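Here is the structure we will look at, set down as structure tokens.
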Amino acid sequence: MSNNSPRAVFGSSLTAMLVTAGCSVGLGNIWRFPYLVGEGGGAAFIIIYLLAVIFIGHPIMLAEFAVGRSTHKNAVGAYSVKDKRWGLLGYNGVFIAFVIMGFYFVVAGWTIEYMVNSADGAFTGFTSADEYTGFFSNYVSGVWTPLIYTWIFILISHSVIALGVQKGIERATKVLMPALFIILIVLAITSIRMPNSEVGLKYLFVPDFSKVTSRTIINAVGQVFFSLSVGMGCLTTYASYFSDKTDIRKTATQLTIVDTIVALLASVIILPAVFSVGIEPTSGPSLVFITLPGIFNTLPFPELVSTIFFMLLFIAALTSTISLHEVVTAYLIEERKMTRVKAVSMVSAATVVMATLASLSLGVLSEFKIFGYVIFDLFDALTSNLLLPMGGVMICVYASWILGDRFMHAQLSNESRHSDTIVAINIFLLRYVSPVAVFILFLDGIGVFKMFR
Ligand code: PHE
């Protein structure tokens, strides 16, 4: 650890791993992944997702880590080092963070609502799928309750960043992340043992490629970016606090594996239960919230288990919102020379406006659509399926073509602790495979290939 550097440096690789896991593991894994699996036809979606993790997500993560660790600067600063114009990548990230926060805080607010209602025993009497669904839609389409919980969540995230209590969060994460993991495993076992769960397991493990459309592929690739938090410089910022000894290949691989396992576990919990409780797998964003209380009701002490689960989901969401919030705040402090308090307050105030619009778009503003999307869905689709992949391609090009092979080789080989072949494969994927794959998918997504069919 270098002591003469004015910037903080993470003490150990374990810390590096845990804080990046705090950023990556969140609602994306537990809320978004299972419902996309449900919509995308199950196993086929998962296979496409896993391929995209290996060939697109992991290489881009390596690039972000390399850029961050070598410059020790915030996202805008890090990408401007070679040429100011590449700083645009950092600005893209700041913009994306802001839009993601617009809908992420709304879902985070739902976790509080579900925590409170679980503790209150609101779900214990429910027996039919309609009751779970009705409760959810009633709640999200309302005006005040979801808004208040969203604002409370913003306030909590704001306080953590303003007070700079990340240390506390870091320490808490070390205990809470493993706790989340254990609860997920227990729930997965419970779900598999529910009646009729075989239908869900088959759905998860036997692929039916006839259901795959270009939308499925775009959703899977978009989810890789969203879930791993790549494509917007968030991990670049975290890696700027890595010490020069941190093995970025190892950290990236571990992070990718943990993130993927949590997502898979979440769908092993949700999908079998979906078929058991009689819920439609294509229910979309409501899926996790309408299914989980059904699983908890089959367990002893449902109120307690449910409250603990939503509390952990709340924490997983909080560690992610902190990193999103921090990307914009750090930019305002370092590049716009604002004080911390002013920067945090501006970000929070603007986020309140965005999140309020997103929350209301599920109820009173549901008639208001842009490109056919209500605001909540627009924020979601715009970031995952367009801006993050675009940012990802640019990061690949920047790291492997502009900074070049020699740079990437030096960063990835960690004083030649890794064999040249593995590093060469990493660089090859980064240079050719990831950007080309994302670009082709992007063209397909905007309908270019349809013209030739
Ligand atoms: N990866 C986070 C999740 O899965 C969301 C996120 C995206 C956080 C981008 C930071 C940056 O919930």
Side-chain angles (χ1 to χ4, degrees), residues 18-37 49 52-53 57-58 60-61 64-65 68 74-75 89-90 92-111 153 157 160-161 166 169 173 176-177 180 184 219-239 252 255-267 285 288 312-331 347 351 355 379-392 395:
L18 276 169
V19 289
T20 47
C23 165
S24 289
V25 176
L27 296 172
N29 308 61
I30 299 167
W31 160 70
R32 205 170 186 273
F33 185 77
Y35 90 69
L36 288 177
V37 171
Y49 179 85
V53 165
H58 181 257
I60 301 180
M61 187 186 283
E64 288 213 24
F65 278 176
N74 73 78
L89 257 173
N92 185 44
V94 168
F95 178 71
I96 296 175
F98 206 57
V99 182
I100 294 183
M101 282 193 285
F103 73 93
Y104 204 94
F105 274 112
V106 177
V107 184
W110 298 348
T111 64
F153 203 102
S157 175
V160 171
I161 303 214
Q166 279 104 324
I169 285 283
T173 313
L176 294 164
M177 281 285 167
L180 179 70
L184 287 175
N219 280 344
V221 176
Q223 172 64 10
V224 169
F225 282 92
F226 186 82
S227 186
L228 294 178
S229 308
V230 295
M232 55 170 285
C234 199
L235 293 178
T236 310
T237 313
Y238 272 105
L255 179 58
T256 309
I257 293 174
V258 167
D259 192 80
T260 308
I261 291 180
V262 174
L264 291 176
L265 265 180
S267 38
V288 171
L312 292 170
L313 191 54
F314 167 93
I315 305 231
L318 184 65
T319 53
S320 294
T321 56
I322 288 169
S323 60
L324 286 161
H325 206 141
E326 183 67 28
V327 169
V328 190
T329 306
Y331 157 72
V347 180
T351 306
F379 286 173
D380 182 347
L382 183 69
T383 45
S384 300
N385 293 358
L386 186 70
L387 297 175
L388 286 175
M390 246 169 54
I395 290 172

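Note that ligands are numbered from 1 as they come in the structure, with each ligand's atoms numbered from 1 the same way. For reference, positions follow the sequence shown, starting with 1. This is a predicted model, so every value here is computed, not measured.
With N29 contributing its side chain and D259 its backbone, the two residues share a donor-acceptor pair below 3.5 Å. In terms of modelled atom types and a separation under 3.5 Å, the side chain of S157 and the main chain of F153 share no donor-acceptor contact. Under a 3.5 Å cut-off, the side chain of W31 and the backbone N or O of V288 do not form any donor-acceptor pair.
With atom 12 (O) of ligand 1 as the reference point, the heavy atom nearest to it among W31, Y104, Y238, F226 is part of Y104.
Every atom of ligand 1 is numbered from 1 in the order shown, and the set under 4.0 Å from a heavy atom of L27 is 12 (O). The contact set between ligand 1 and N29, taken as ligand atoms under 4.0 Å from a residue heavy atom, comprises 4 (O). Interface of S229 with ligand 1, defined as ligand atoms under 4.0 Å from a residue heavy atom, comprises 1 (N), 2 (C), 6 (C), 7 (C), 8 (C), 9 (C), 10 (C), 11 (C). Listed by atom number, the atoms of ligand 1 under 4.0 Å from M232 heavy atoms are 9 (C), 11 (C). Counting the atoms of ligand 1 from 1 in the order shown, those under 4.0 Å from a heavy atom of G26 are 3 (C), 4 (O), 12 (O). In summary, the atoms of ligand 1 found under 4.0 Å from a heavy atom of S24, numbered by their order in the structure, are 1 (N), 2 (C), 3 (C), 4 (O). Of all the atoms in ligand 1, the ones that sit under 4.0 Å from a non-hydrogen atom of S227 are 1 (N), 4 (O). Close approach of ligand 1 to G28 (heavy-atom distance below 4.0 Å) involves ligand atoms 3 (C), 4 (O), 12 (O).
Heavy-atom minimum distance, M232 versus E64: N-OE2, 3.6 Å. Residues S320 and Y104 share a closest heavy-atom pair of CB-OH, 3.3 Å. Nearest heavy atom pair, residue L27 against residue A317, reads CG-CB, 3.7 Å.
In this structure, the side chains of S323 and S229 stay at 4.5 Å or more apart for every pair of heavy atoms.
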